[in-house]
Amino acid sequence: MGRDTIAEIITSIRNADMDKKRVVHIVYTNITENFVKILFREGFIENVRKHQEKNKSSLVLTLRHRRNRKKPYRNFLNLKRISRPGLRIYSNSQRIPRILGGRGIVILSTSRGIMTDREARLERIGGELLCSIW
């Protein structure tokens, strides 16, 4: 059976966020590196570094948390997988969904690489909708 790397990234980040952990370790691949770079660039992740141990590489992510301790803890990241191995969802540049009126982002896999919905609209290219984050 094949591995769904995007789902593994989303699940590990979501679990760490719910458990109030600040650091997440993810297996390094080109897809995970591009995906995490987008999360870092958009401000959902505080820091990213590559860690090498023997012959295995991994990415170490530092999550951003709300620091208000008076109220009950609420998840900072809301991640939702859109396309999955059993049901691929594609969209052209005009039909890419807007999340929360543009506050959230949709990450797409296009012919020019993995990019956000804003970048895809500017370049007028569509692709597979990977996930949405708000």
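Between the CD1 atom in Ile31 and the OG atom in Ser109 there is a gap of 7.5 Å [rounded to 0.5 Å]. For the atom pair Ile45 CD1 and Leu39 CG, the distance stands at 4.5 Å (nearest 0.5 Å). Note that the CD1 atom of Ile114 and the CG atom of Leu130 stand 6.0 Å from one another [nearest 0.5 Å]. Put simply, OG on Ser132 and CD1 on Ile107 are 9.0 Å apart, with the number rounded to the nearest 0.5 Å.
Taken together through direct or relayed side-chain contacts under 4.5 Å among Ile, Leu, Val, Met, Phe, Trp and Tyr, Val106 and Leu87 form part of one hydrophobic cluster.
Between His25 and His51, every side-chain heavy-atom pair lies at or beyond the 4.5 Å cut-off. At a threshold of 4.5 Å between non-hydrogen side-chain atoms, the residues Cys131 and Ile133 count as touching. Within the 4.5 Å cutoff, no side-chain heavy atoms of Val60 are placed close to those of Lys50. Counting only heavy atoms from C-beta outward, the side chains of Ile125 and Met115 approach each other to under 4.5 Å. No side-chain heavy atom of Leu79 sits less than 4.5 Å from a side-chain heavy atom of Asp17. Counting only heavy atoms from C-beta outward, the side chains of Pro97 and Leu129 approach each other to under 4.5 Å.
Counting only residues at least two apart or in different chains, salt bridge (charged side-chain N to carboxylate O under 4.0 Å, His left out) contacts with residues 83-108 comprise Arg88-Glu128. Legend: salt bridge (charged side-chain N to carboxylate O under 4.0 Å, His left out) pairs involving residues 26-40, not counting sequence neighbours, sorted by first then second residue: Glu33-Lys37.
The environment of CD in Glu53 is sparse: at most 12 heavy-atom neighbours from other residues, nucleotides or ligands sit within 6.0 Å.
Residues passing the side chain to side chain contact (heavy atoms under 4.5 Å, CB included) test with Val27, sequence neighbours excluded: none. Thr29 pairs by the side chain to side chain donor-acceptor pair (under 3.5 Å) definition with Thr32, not counting sequence neighbours. Every side chain to side chain contact (heavy atoms under 4.5 Å, CB included) that Thr116 has, sequence neighbours left out, goes to Ile38, Arg41, Glu42, Ile105, Arg118, Glu119.
In the hydrophobic clustering, Tyr90 connects to no other residue, as no ILVMFWY side-chain heavy atoms lie under 4.5 Å from its own.
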